[in-house]
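Residue numbers begin at 1 in each chain, while the letters A, B, ... track the order of the sequences.
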Amino acid sequence: MLWCASIAGNGSGGLSSGVFKTRHRKRRQMQRTKIIDLLGSDTPRRQVLVNGWLRTRRDSKTFSFLEVNDGSCLANLQVVANDTLPNYEELRKLTTGSALAVAGDLVASGGKGQRWEVTASAVDILSVAPETYPLQKKRHSDEYLRSIAHLRPRTNKYGALFRIRADTAWAIHRFFRQRGFRWLHSPIITASDCEGAGELFRVTTLPPGDNGGSDPFSKDFFGARANLTVSGQLAAEMLALALGDVYTFGPTFRAENSNTRRHAAEFWMVEPEMAFCDLSGNMDLGEALIKEMSRFVMEECAADLELFSRFVDPGLKSTLAGTIEKPFVRIPYVEAVTILQRSGQRFSFPVEYGSDLQTEHERYLTEVHFKAPVIVYDYPKQIKPFYMRVNNDGQTVAAMDVLVPVIGEIIGGSQREERLDVLEARMQECNIDPSAYEWYLDSRRYGSVIHSGFGMGFERLLMMLTGVANIRDVIPFPRTPGNIAF
RNA sequence: UCCCCAGUAGCUCAGUCGGUAGAGCAAGUGGCUGUUAACCACUGGGUCCGCGGUUCGAGUCCGUGCUGGGGAGCCA
């Protein structure tokens, strides 16, 4: 430890400002090391540079402990700042949230609770956070943190969450790439309204109050009604019928006035589409995807996930383990109806063939009856959109919903209707004007083949993976009705 | 959009029967300590969400609006 003491001593009082400036310049040329790499080190290291933000400070008689976080991982780095540092008096006044550059040696920690710490040879104060800094060294409510969404990524929980979000997005790309899927960039601005997907956000360049006269769209940018996409499915079908297996992964917009903890106006959706694939293969892919993402966070986001299993949902790990190990239950819609009718449960909404399953019904199936993810398939055609393939019974379509406990529907998908005549008949039944879908119908005119796909809500997946109960807390800057402040 | 709940110090909350406001944490000051949600003492800190009403008197009761949360519907 002698060499530590001597280095600390070099930074002491008698240093002229010229020498200090030289040292400062030198320090700025040092390569920055991220805290995640330091804490994972096998050996001590001389003269490392750490940039980060102060989480908390504990003062001792002749030195201060500075807990520094740089966002590279959940854990803080403990920095020991001796009173021999030239700016020690300033360091003792440092507040939570201040930005620092620390130069020093990585040494085995003399205290309990951490393996490594840095003995500072110099601490540059990059920026002081005044005492009005809204984040305190204590637990804050999720509701309060939503009101300071621009600062909440600096907390342990939201830092962990947004690391998991980024890593999971990457893992989704890896999952599909390993299976030979190509990523498709489906348009954000579209003219098509994916039937039944909800209300649309209009996109226009017309000034407010200008309705464009007799033809409302003739003066508009595209010369046609335009809106933000509610689904990349139709585009994905076209690419699947060319490249085989594709997926979209991008933002999706719904102008629905939904006020629940699992709906947002702007969210991300993963939509795989596979040529030569039936409903059964579709279910296989959905199940594999959810299992793989569960395994991914358990194994590859372990440190961050630990926070959620400790403070957010104590049952998280066993739930995820069950999701990974047990096969998903697969039952036709009729069987789900029978189970619900025979359950003896009193539901607010009656269970009857031909009406859609209510939230309370889905939760009974996943949380009470099966206690596991459940895939319900073959729904009555009258409650599903025109593009789903009509089964041989003529009454049901090859649709499937993956339901998981607490979250409810996480995946909705189907085998697509590939027969031109049946598709046109269904459009007529659903009162859809085929003229807007001529390009879509072309895919059934030329080399039509069976194909299937689904949409998975990325935020709902994150909720399932972390146990976070509100979708507003898995999106950095969530958009919900009346809420776009950040 | 409908139903229910809440709004009091920077944060989390208590506030009895209607009688002029409290705690913990945070902040500031000082002390102690290889500490780790550090600890101890002291100090400062309030448009009781807004508006209107009832009352001698309203944080408390009534009406209304706003904001937030939960549930439902729509869906991913």
Between [N] and [M], how far apart are the two [atom1] atoms, rounded to whole Å?
N     : M     : atom1 : result
B/U12 : B/C3  : C1'   : 28 Å
B/U43 : B/C61 : P     : 34 Å
B/C62 : B/G45 : P     : 33 Å
B/G22 : B/C5  : P     : 30 Å
B/A41 : B/C32 : C1'   : 11 Å
B/C40 : B/C13 : C1'   : 24 Å
B/U35 : B/A21 : P     : 43 Å
B/G15 : B/G59 : C1'   : 8 Å

Would you mind telling me which of [options] lies closest to the side-chain atoms of [X]?
X        : options             : value
A/Phe65  : B/U35, B/U33, B/C75 : B/U35
A/Asn259 : B/C25, B/U1, B/A76  : B/U1
A/Arg460 : B/G34, B/C75, B/U12 : B/C75
A/Arg146 : B/U35, B/G69, B/C75 : B/G69
A/Asn483 : B/G68, B/U12, B/U35 : B/G68
A/Thr95  : B/C74, B/G28, B/G69 : B/G28
A/His140 : B/A76, B/A72, B/C11 : B/C11
A/His263 : B/C75, B/G70, B/G34 : B/C75
A/Lys138 : B/C74, B/U12, B/A27 : B/U12

Where do N or O atoms of nucleotides 5-8 of chain B meet protein N or O atoms at under 3.5 Å, pair by pair?
none

Inset, instruction - Salt-bridge test for A/Lys61 and A/Asp83: reply yes if a basic N is under 4.0 Å from a carboxylate O, no otherwise. - result: no
Legend entry - salt_bridge(A/Asp37, A/Arg45) N-O dist < 4.0 Å: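 No, A/Asp37 and A/Arg45 are not salt-bridged.
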Under 4.0 angstrom, heavy atoms only, what part of the nucleic acid is [X] near: base, sugar-phosphate, or nothing?
X        : value
A/Thr56  : sugar-phosphate
A/Gln114 : base
A/Phe458 : nothing
A/Gly455 : sugar-phosphate
A/Ser60  : base
A/Gln78  : base
A/Leu461 : nothing
A/Ser348 : nothing
A/Glu409 : sugar-phosphate
A/Phe267 : base
A/Glu266 : nothing

Legend entry - Sidechain-backbone polar pair: A/Gln114 side chain, A/Ser109 backbone, donor-acceptor under 3.5 Å: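 Not at all, since once roles are kept as given, no pair shorter than 3.5 Å links the two residues.
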Legend entry - Side-chain donor or acceptor of A/Arg55 paired with backbone N/O of A/Arg154 under 3.5 Å: yes
Legend entry - Stretch residues 154-174 of chain A: residues that reach within less than 4.0 Å of RNA chain B through a heavy atom: none
Legend entry - Interface residues of residues 463-478 of chain A with RNA chain B (non-hydrogen, below 4.0 angstrom): A/Asn470, A/Ile471, A/Arg472
Quick check on [N]: is either OP1 or OP2 less than 4.0 Å from any side-chain nitrogen or oxygen of [X]?
X        : N     : answer
A/Arg262 : B/G71 : no
A/Thr359 : B/G73 : yes
A/Arg58  : B/A38 : yes

Inset, instruction - Would you please name every residue forming a side chain to side chain donor-acceptor pair (under 3.5 Å) with A/His451, sequence neighbours left out? - result: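 A/His451: side chain to side chain donor-acceptor pair (under 3.5 Å) contacts with A/Glu237.
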Mind listing the side-chain donor-acceptor pairs of residues 377-384 of chain A below 3.5 Å, one per line with the distance, residues two or more places apart or on another chain?
unit_1: A/Asp378; atom_1: OD1; unit_2: A/Asn391; atom_2: ND2; d: 3.0
unit_1: A/Tyr379; atom_1: OH; unit_2: A/Asp401; atom_2: OD2; d: 3.3
unit_1: A/Lys381; atom_1: NZ; unit_2: A/Gly394; atom_2: O; d: 3.3

Name the atoms and distances for all side-chain donor-acceptor pairs under 3.5 Å in residues 475-486 of chain A, with sequence neighbours left out.
unit_1: A/Arg479; atom_1: NH1; unit_2: A/Phe477; atom_2: O; d: 3.3
unit_1: A/Arg479; atom_1: NH1; unit_2: A/Phe486; atom_2: O; d: 3.0
unit_1: A/Arg479; atom_1: NH2; unit_2: A/Phe486; atom_2: O; d: 2.8

Inset, instruction - Would you please indicate yes or no on a ring centroid separation below 6.0 angstrom for A/His361 and A/Phe349? - result: no
Inset, instruction - Determine, using ring centers only, whether A/Phe267 and A/Phe253 are less than 6.0 Å apart. - result: no
Inset, instruction - Please work out which of the three classes, parallel, tilted or perpendicular, describes the rings of A/Phe162 and A/Tyr158, given edges at 30° and 60°. - result: tilted
Inset, instruction - On the 0 to 90° scale, with breaks at 30° and 60°, tag the A/His173-A/Tyr247 ring pair as parallel, tilted or perpendicular. - result: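 The rings of A/His173 and A/Tyr247 sit tilted, inter-plane angle from 30° to 60°.
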